[in-house]
Amino acid sequence: AQTVTQSQPEMSVQEAETVTLSCTYDTSESDYYLFWYKQPPSRQMILVIRQEAYKQQNATENRFSVNFQKAAKSFSLKISDSQLGDAAMYFCAYIWEETSGSRLTFGEGTQLTVNP
Amino acid sequence: SAVISQKPSRDICQRGTSLTIQCQVDSQVTMMFWYRQQPGQSLTLIATANQGSEATYESGFVIDKFPISRPNLTFSTLTVSNMSPEDSSIYLCSVGTREQYFGPGTRLTVT
């Protein structure tokens, strides 16, 4: 079974600094997708960034970038120039398509605090 | 990305009653998903709802407890039946095949 592990329950960063959130996953599949979602106190799940497993190039979205290490099954999120609005719970997620449909599997989450 | 709304946004219910949560999407989608997020925890998939067929439930979730309807390609409902305090959670619907987009969630408290 596919599993996603986030080993950092909580992280903190100073405003304008850089922080990296860790995620590892376990799968026997070769073609899949990885995501980082952000959940602020409003509880809305917001897609931050996605990575296709077949792409070697790491995805980047403005201040957010990933370090995707397929062989190590590692998928970390780097937030540069952290802002107060980045404070939220961050979830790493994995999905692959199977004949019965696709299933999104989430990690346990990392609570990010941004200190002014 | 699709715009997804959920009703109600929150509710407080008595033990033993049922609550139906609605999920509306602004475009036609094939697959809709329902998730549960218990307090302080991650999201767990309850079931996948395809239009015109019965929902597919994940291990640990049964139709009698969480009946789902999918009458058309833009709408779905999830009912939480015979509620107990353990059902107090946030319930979220989502749409998409690879990338999934989520509704704002329904915060349910059972007393």
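Below, all heavy atoms of this structure are taken into account, side chains as well, without hydrogens, waters or symmetry copies. To find a chain, count down the sequence lines: A is the first, B the second, and so on, and within it residues start at 1.
- Other residues, nucleotides and ligands contribute at most 12 non-hydrogen atoms within 6.0 Å of the CG atom of A:Asn62.
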Apply side-chain contact (heavy atoms from CB on, under 4.5 Å) to residues B:Leu92 and B:Gln37 and explain how you reach the verdict.
CA-CA 8 Å; B:Leu92 301 104; B:Gln37 186 177 25; 4.2 Å; yes

side-chain contact (heavy atoms from CB on, under 4.5 Å) for A:Leu77 and A:Phe64? Distances and angles first, verdict last.
CA-CA 7 Å; A:Leu77 174 69; A:Phe64 298 87; 4.2 Å; yes

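- Looking at B:Thr30, neither its backbone nor its side chain comes within 4.5 Å of chain A, counting heavy atoms on both sides.
- Under the salt bridge (charged side-chain N to carboxylate O under 4.0 Å, His left out) criterion, B:Lys65 pairs with B:Asp87, sequence neighbours left out.
- Both the backbone and the side chain of A:Leu104 come within contact range of chain B, with heavy atoms under 4.5 Å apart.
- For a residue to count as touching a neighbouring chain, one of its non-hydrogen atoms must lie under 4.5 Å from one of that chain's; by this rule A:Gln111 does not touch chain B.
- Here the options are A:Leu34, A:Asp26, A:Thr24, the test is side chain to side chain contact (heavy atoms under 4.5 Å, CB included), and the partner is A:Lys73; only A:Asp26 passes.
- Counting heavy atoms of neighbouring residues, nucleotides and ligands inside a 6.0 Å radius, atom CD1 of A:Ile46 exceeds 12 of them.
- Of the atoms belonging to A:Tyr32, not a single heavy atom falls under 4.5 Å from chain B.
- Heavy-atom pairs under 4.5 Å with chain B peak, among A:Arg43, A:Met45, A:Gln44, at A:Arg43.
- Interface residue A:Phe106: backbone and side-chain heavy atoms are both found under 4.5 Å from chain B.
- Side-chain atoms of B:Gln51 and B:Gln28 form no donor-acceptor pair, as typed in the model, at a separation below 3.5 Å.
- At a 4.5 Å heavy-atom cutoff, the contact between B:Gln41 and chain A is made by backbone atoms alone.
- Taking A:Gly107, A:Gly109, A:Ser42 one by one and counting their heavy-atom pairs under 4.5 Å with chain B, the maximum is reached by A:Gly107.
- Contact of B:Leu43 with chain A is made through backbone and side chain together, with heavy-atom distances under 4.5 Å.
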